[in-house]
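The structure under discussion appears below in the form of structure tokens.
Predicted model, so just to flag it, every value in this text is computed and none were measured.
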Amino acid sequence: MTNNPNRKIQQSTKAVWSGEKEYRAHGATQVPVVHSVAYSYDDLDHWYDVAVGREKGHIYGRNTNPTVESFEQKIRDLEGAEAATSFSTGMAAISNSLSTFLKPGDRIVSMNDTYGGTNKIFSEFLPRLDMDVSLCETGNHEEIEQEVQKGCKILYLETPTNPTVKITDMERMVRAARNVGAMVFVDNTFATPINQNPLEYGVDLVIHSATKFLGGHADALGGAVCGNRELVEQIFHYREINGATMDPMAAYLLLRGMKTLHLRLKQSCDSAMKIAEYLKNHDLVDDVFYPGLKDHPGHEIAARQMKQFGGMLSFSMKGGMEAVRGFLPKLQYANRAANLGSVETTVGPARTTSHVENTPEERAELGIPESLVRYSVGIEDPDDLIEDLEAAFASLKKTAVSKE
């Protein structure tokens with residue numbers, strides 16, 4: 001990407017240019033959407049060489065696609081990985097990656113506070129397949145180390161976590177995993193490759209829900225895994241047979257969205273910091289969860305392994321779910337929806353977003369209060385968002401007074 005091999009290309013430039021030029025056609029400045037399911041070959045020997053991977057090319061859409069491959073190269077370069085492969089959704093990326101390497105009798109160690117769908121895989125699906133899963137208190141590095149020391153095949157981390165934005169020291173956890181020969185997977189969806197690159201800390205595989213910040217426009221589903229070439233090729237083989245393939249139109253939309261990833265993240269992160277500080281001092285807020293706050297338990301670790309503190313925060317409200325019910329509909333500049341990482345601010349309680357699959361009892365056990373509000377900061381002006389929050393709080397107070 002540069003004529004000077006000694007100069008490091010910045011992430012903002014990679015987000016625009018990586019994985020693009022070789023996939024353009026007819027002088028176009030944008031990668032085309034290739035909708036063809038199959039690819040024709042006149043030379044049968046050439047066709048065979050492509051089919052078995054001896055030569056570059058495409059044979060069938062479930063296996064590979066030019067538009068999808070362009071997306072894979074862009075996320076690969078942003079994460080600084082040897083290879084990357086893609087999936088139809090973020091959960092497909094997680095489940096396929098785990099299924100590639102786990103077998104009955106294997107043991108996996110993770111944390112309580114992961115995305116609800118991930119937690120369901122650990123608490124429901126893997127045990128059903130005779131796999132031993134140990135879920136530790138998120139942020140308790142000593143407990144995780146003790147469980148890893150007992151032996152495991154995979155240590156699975158999510159940092160920052162969804163939805164309470166907790167932080168885990170990746171370098172420390174990698175050292176623990178190496179002592180027992182375990183692989184380390186990290187879900188990097190909240191941080192994105194702009195703010196954090198887990199491979200730099202020795203992590204084996206980095207997982208993304210591309211639907212979120214990577215795409216950034218809430219109009220395309222997708223997932224990705226980046227890392228060591230040999231490991232990624234094994235995951236690709238599992239995915240190409242099992243069929244959780246990314247759609248080429250989704251790949252095109254994700255490519256388009258990723259070009260502005262650096263700009264979007266800067267605005268979201270700056271705004272999230274201002275909003276977290278505002279919420280911290282509000283009398284209707286019990287607690288604010290944002291690693292940029294100096295009193296956040298993971299602040300020092302986040303400052304060391306993240307470039308910015310992210311565009312995601314959450315807060316718990318005084319008054320429980322009744323307060324949340326009255327508050328959220330009053331927000332004018334926030335979509336009440338089960339999504340995050342979009343250009344528009346998105347808001348919702350864990351019970352209808354990240355952990356809708358869990359019961360209230362399970363959420364309580366995971367340390368997620370029913371009064372928790374997940375707030376994904378968009379690219380709007382932060383002062384407008386704070387004024388919007390203030391108006392919703394004021395309306396809630398007015399309603400409470402009228403009831404008295």
Side-chain angles (χ1 to χ4, degrees), residues 113 138-139 159-167 190-191 195 264-304 306-336 340-342 344-351 353-354 363-364 367-404:
D113 192 16
T138 308
T159 182
T161 62
N162 183 359
T164 52
V165 206
K166 294 177 182 175
I167 303 295
F190 267 27
N195 286 337
R264 290 186 285 106
L265 257 292
K266 185 180 188 309
Q267 175 73 4
S268 292
C269 293
D270 289 348
S271 298
M273 187 72 246
K274 293 181 181 179
I275 292 167
E277 290 172 338
Y278 158 77
L279 291 168
K280 188 71 179 174
N281 298 311
H282 203 285
D283 58 1
L284 291 183
V285 174
D286 263 332
D287 205 356
V288 180
F289 308 97
Y290 185 67
L293 295 173
K294 291 185 178 179
D295 61 352
H296 185 284
H299 174 74
E300 290 186 8
I301 299 172
R304 187 170 69 248
M306 298 179 72
K307 298 176 182 68
Q308 303 169 99
F309 294 108
M312 287 296 307
L313 60 88
S314 58
F315 58 96
S316 56
M317 296 186 63
K318 294 177 181 177
M321 180 49 64
E322 194 60 33
V324 175
R325 285 195 186 94
F327 175 75
L328 293 188
K330 301 298 182 181
L331 294 171
Q332 299 299 307
Y333 298 126
N335 287 322
R336 288 159 289 277
L340 60 92
S342 181
E344 307 94 0
T345 293
T346 309
V347 66
R351 73 199 296 249
T353 57
S354 64
R363 286 192 291 272
I368 302 171
E370 294 299 282
S371 62
L372 184 128
V373 174
R374 190 179 73 176
Y375 194 87
S376 173
V377 184
I379 63 171
E380 305 94 340
D381 187 280
D383 292 336
D384 289 334
L385 295 178
I386 289 172
E387 185 176 320
D388 189 35
L389 288 162
E390 182 59 33
F393 281 127
S395 177
L396 191 63
K397 284 184 177 180
K398 185 177 180 180
T399 301
V401 170
S402 66
K403 287 183 178 179
E404 291 176 358

Quiz prompt | Working for side chain to side chain contact (heavy atoms under 4.5 Å, CB included), residues Phe289 and Leu372 | solution = CA-CA 10 Å; Phe289 308 97; Leu372 184 128; 3.6 Å; yes
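- Here CG of Leu389 is found 4.0 Å from OH of Tyr375. Values are rounded to the nearest 0.5 Å.
- Here salt bridge (charged side-chain N to carboxylate O under 4.0 Å, His left out) pairs that include residues 270-292, with residues two or more places apart or in two chains, are Lys266-Asp270, Lys280-Asp287, Lys280-Asp295, Asp283-Lys397.
- For the pair Arg336 (side chain) and Leu328 (backbone), a donor-acceptor distance under 3.5 Å is present.
- Closest approach of Asp113 to Asn162, counting heavy atoms only: OD1-O, 3.8 Å.
- Proximity of Pro349 to Met321: side-chain heavy atoms (C-beta onward) are separated by under 4.5 Å at one or more points.
- Phe393 has its side chain within reach of Val285: a pair of non-hydrogen atoms, C-beta onward, lies under 4.5 Å apart.
- The distance from atom CD of Glu300 to atom CZ of Arg304, rounded to the nearest 0.5 Å, is 8.0 Å.
- To the nearest 0.5 angstrom, Met317 atom CE is 11.0 Å from Glu322 atom CD.
- When every heavy atom of Arg374 is checked against every heavy atom of Pro163, the shortest pair comes out as CD-CB, 3.9 Å.
- Remark: Gln308 CD to Asn195 CG distance equals 4.5 Å, nearest 0.5 Å.
- Of the inter-residue distances, the one linking Glu380 atom CD with Gln267 atom CD reads 8.5 Å to the nearest 0.5 angstrom.
- To the nearest 0.5 Å, atom CG of residue Leu284 and atom CG of residue Leu396 are 6.0 Å apart.
- Among all heavy-atom pairs drawn from Phe327 and Ala392, the shortest one is CE1-CB, 3.4 Å.
- Between Gly341 and Ser376, the shortest heavy-atom contact is N-OG, 2.8 Å.
- Formation of a donor-acceptor pair under 3.5 Å by the Thr161 side chain with backbone atoms of Lys166 is found in this model.
- At distances below 3.5 Å, at least one donor-acceptor pair connects side-chain atoms of His296 with backbone N or O atoms of Val165.
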Quiz item: How far apart are the C-alpha atoms of Gln332 and Asp388, what are their side-chain angles, what is the distance that settles it, and do they pass the side-chain hydrogen bond (donor to acceptor under 3.5 Å, both in side chains) test?
Solution: CA-CA 6 Å; Gln332 299 299 307; Asp388 189 35; 5.5 Å; no
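- In this structure, the side chain of Ser268 engages the main chain of Gly378 through a donor-acceptor pair within 3.5 Å.
- Of the possible polar contacts, none joining the Ser316 side chain to the Ser371 backbone as a donor-acceptor pair under 3.5 Å is found.
- The two residues Leu313 and Ala272 come nearest to each other via the heavy atoms CD2-O, 3.5 Å.
- Not counting sequence neighbours, the partners of Glu390 by the side chain to side chain contact (heavy atoms under 4.5 Å, CB included) test are Tyr278, His282.
- Residues Val377 and Ser271 come closest through the heavy atom pair CG1-CB, 3.6 Å.
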